[in-house]
Amino acid sequence: MQIQAVRGFRDVLPGEVALWQKVEAIARSVLERYGFREIRIPILEKTELFSRSIGESTDIVEKEMYTFTDRSGISLTMRPEATAGILRAYIEHSLYQLEPVSKLYCIGPMFRHERPQRGRYRQFHQINAEVLGSSDPRTDAELLALLRTLFEELGLRELDFQLNSLGCPSCRPGFRSKVAEYLGTKRARLCSDCQRRLMTNPLRVYDCKVETCREALAGAPVILDELCQECEAHFLSVQKNLSLLGIPFSVNPFIVRGLDYYRRTTFEVLSSDLGAQNAVCGGGRYDGLMGELGGPDLPGIGFAIGEERLVSILEGRAGAPTSSLDLFLAALGEEATEKAFLYLDKARRLGLRAEMDFRGGSLKAQMRRANKLGSRRLLILGEAELSKGMATVKDMADGTQVEIPLDELESAMAGWKEACSQRG
Ligand code: ATP
Ligand code: MG
């Protein structure tokens, strides 16, 4: 019986990889420009790390984690997000002793047992960035500025930056009880999940995607009316700095995000090019989390971009990069084939993208193969060429041909490589 991939887990095929590489290369370039350094953390962590940071009564911890007991009896979880692991590593290696503010990024797979659909998978990839050690509202604005630069360089302009503040432990509890009170009156109209959330974590209702729950929220209290003075000043300063940098945004008081650790600034970036799953990026501030995880009491803020969704927006556009060949070697006869095999390796060691077809076949068949692979040049090594100690090289674009003595072939190939590098 044929074995298929696990539901919600996808292959990225060679034809699609170029776009992923482009996205990641641009992301790395922009992140490094804004002062971020890469950190690579494990996929498996102790389950407790996630239940403590993300929150016991969140969807992720309640029903989406890939958790199992390993052979030594420890409960492990495949990371559903990156912030918790990055903070764990930051604390474990005392990175706070190195710099007052650390900017870290990480690119890789995340795992959540959600219902698979377009734009929603069980293994998906995120580009994560975290700034640890700064509570300055400029840091919040700087992160959004980074996102603007990144999306611009990817050629995405029609994006909607939505912003909210979730307050802090001094103003959120008051808001929370108002929400519980309000939603209590709408109980019957809420989905069964939200009826349960009402008891455990009423703010989670704001994140529900069920239509009737959204309707029930129409007249709900908004956190922005309840912010304490410090939180309000912080939020206003974030907005002032965004305006200073000319970053368009809108305030959406319903953004609560699906993780409990957020405090103050939270944001989402939405794209109208996506269907129902329209969030390309989510993030926010999590001052207090580091202390809860046993580290120093340092503030933090970060974001996560969904790479599948980013790639799918770009897929819809023309001009996806294609890879092509510098040289195809066609040979006729055993002796010539042996020589061609040797020059194939020499070409590659000189830095050229070179290929030949070990099945051999007629010259015509080999030329067809060269065309199919989009090769710039065709090197022909037949019996006639071999007896003269020459190779014929054809420029596939204009059809011109030259003969090159075999003992000059290597330096000719080095020259082609040089020309490729200059073209970029
Ligand atoms: P959503 O509201 O779409 O469920 P989320 O709030 O759960 O997203 P985060 O945990 O903040 O998302 O992750 C940040 C980004 O990661 C999202 O904006 C989205 O682009 C992407 N993402 C989240 N879950 C998935 C998934 N199951 N499959 C693909 N991408 C995802
Ligand atoms: Mg989600």
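Here the structure is a predicted model, which is why all the values come from computation and not from measurement. Whatever order the structure lists ligands and atoms in, that order sets their numbers, starting from 1. Residue numbers start at 1 and run along the sequence shown.
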Once side chain to side chain donor-acceptor pair (under 3.5 Å) is applied, do any residues pair with [X], and if so which ones, sequence neighbours excluded?
| X | result |
| --- | --- |
| Ser29 | Arg33 |
| Ser177 | none |
| Glu32 | Tyr105 |

I'd like to know if the side chain of Gln123 reaches the main chain of Arg10, judged simply by a donor and an acceptor atom lying under 3.5 Å from each other, with no hydrogens or angles considered. no
Is it true that, when you exclude Arg189 itself, more than 12 heavy atoms of the residues, nucleotides or ligands shown sit nearer than 6.0 Å to its CZ? yes
Report all protein residues having a heavy-atom distance below 4.0 Å to some atom of ligand 1; order the list by chain, then number. Arg112, Glu114, Gly119, Arg120, Tyr121, Phe124, Gln126, Lys209, Arg257, Ala279, Val280, Cys281, Gly282, Ala304, Gly306, Arg309
Pairing donors with acceptors under 3.5 angstrom, does anything connect the side chains of Thr139 and Ser134? yes
